[in-house]
Amino acid sequence: YRAVYNARLHAAHNGTGEYVPAKGKQKYKSRLSLETLTHFREFKVRDDVVTTVAYTRADKTKTVEKYQIQDNVQDLFVKYIRECKLLGVGSIAISTFEKIFYTGEYVNKTARTCVCHQDLFYGTENFEVLESFIISVTDTLCAEATKRYCQRASVDAIIPLHTSSGVITVGLPAIHWLRESLLAMLKRVSTYFRTDFNVHVQLESTCATHCLQYALSSSTDPRFRATCSHEHSMDCPDCNLACHFIEDLQCLLTSASDLHVLSAAELDRLTFALEECESHLSKYIGHRMRTVHQNAVPGKQIATMGYTEAFIILDYMNKWLPHKHLATTSDAFGLAGESVHGATVYTRALPEESKQAIANDEVEDPQKYLRELPIDAEGDINRWYVLLGSSNDHKHDQWHASSVTETTLKIVKELEPQ
């Protein structure tokens, strides 16, 4: 409606069919110099910028070599700009810089793998609460230290502070340093569990915090329990950083409690907030491990499937929304409009000699022959897509899912008889 109103207003003032001037300044593109491109090409593969890591994607059976950047993209761009100014060479734009490091060639240290409610609630929001907790308690300690400074006219040996090794007496500058240190540790913890933790976690590992089989086993239900065939003899300092961080926060709160600088209600609120944040951090780590496990299991299943098996992924590919608002967003999300259903099918490619033997009727029972045929781990994996058409079923219940699954299996059996 606003566009129609603006068009009528322009025609009334300038006449029908008059040209509408473009808003804003015209943008001009400039070519990068050869010196700038050469410097960036050498920068993005340097040892202090990236390291070569072994990385396995969910849709592949082989481990490939990729580059893992040493820092997040934003900090890395700041380092790149400073180096360009120091050398006197031109630089590329930040948009181009991010596009290059967000490609599949690099294992990014940025958390763009999950946007669900658990990742937001137990991760992003929980880290914000921890940050406000640190600032609130340290501000209270700084106020108490300032009060004692005015009484003693000295900035040294004012506040008794609890640490993991005992009680020490510090001054006002040390409290400022402690706040910056805790905030930096919080950033390290959040960055690690969002990024590098995904690379450390494995299906089986001698480190207990990296072993999915150990971490995801249930301690109460034997049906969801697995026994590791290895010992957990290794320890990860990056994973233990979260435990040390929570211990430091508990010592910080104990220091504020012993000084009686917090009211009873405020102390109870901060104590409850810290306990809740600790619980949420544990749940967030478990959520990250389940995310890695979900991405790793398809690759493992595809790598071990035989010639008579297929791995199928069913999903809603797209949703066509109606022209009119029939309900609120929360009520209609995922339940209104036509849906396009698709499937991704993985099958193991047959060796050429086996194809020839089956085609020439040299094998009496092809199914038995293929089941007994040794699997070639270096063989190719066929991947093809099935478009199942659209559906206007708003229920999306078990009957609808069964119908979609049956249609997919019929197509797979027709295209891959074995």
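What you see below is based on every heavy atom in this structure, not just the backbone, and it leaves out hydrogens, waters and symmetry mates. Numbers here are sequence positions counted from 1.
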- Task: Classify the side-chain pair Ser33/Thr36 by whether it contains a donor and acceptor separated by less than 3.5 Å.
- Result: yes

- Residue Arg188 excluded, over 12 heavy atoms near CZ under 6.0 Å: no

- Mind checking whether Phe43 and Tyr80 have parallel, tilted or perpendicular rings, split at 30° and 60°? tilted

- Taking it one step at a time, do Glu83 and Arg46 satisfy salt bridge (charged side-chain N to carboxylate O under 4.0 Å, His left out)? CA-CA 13 Å; Glu83 185 172 318; Arg46 274 197 342 230; 2.7 Å; yes

- Query: Is any side-chain heavy atom of Arg371 closer than 4.5 Å to a side-chain heavy atom of Thr308?
  - Reply: yes

- Task: Please determine, by modelled atom types, if Glu125 and His280 share a side-chain donor-acceptor pair under 3.5 angstrom.
- Result: no

- Message: Ignoring hydrogens and geometry beyond distance, is a side-chain donor-acceptor pair present between Thr304 and Arg348 at under 3.5 Å?
- Response: no

- May I ask you to say whether Lys187 pairs ionically with Glu131, meaning some side-chain N is under 4.0 Å from a carboxylate O? no

- Task: Output yes when a side-chain donor or acceptor of Thr96 lies under 3.5 Å from a complementary backbone atom of Ile92, and no otherwise.
- Result: no

- Task: Inspect the contact between Lys410 and Glu406 and indicate whether a charged nitrogen and a carboxylate oxygen are less than 4.0 angstrom apart.
- Result: yes

- Is the CZ atom of Arg225 crowded by more than 12 outside heavy atoms at less than 6.0 Å? yes

- Query: Do side-chain atoms of Ser282 reach the backbone of Glu278 as a donor and acceptor pair under 3.5 angstrom?
  - Reply: no

- Is Arg179 close to Ile134 at the side-chain level, that is, under 4.5 Å between some pair of heavy atoms? yes

- Query: Under 4.5 Å between any side-chain heavy atoms of Phe224 and Ser217, yes or no?
  - Reply: no

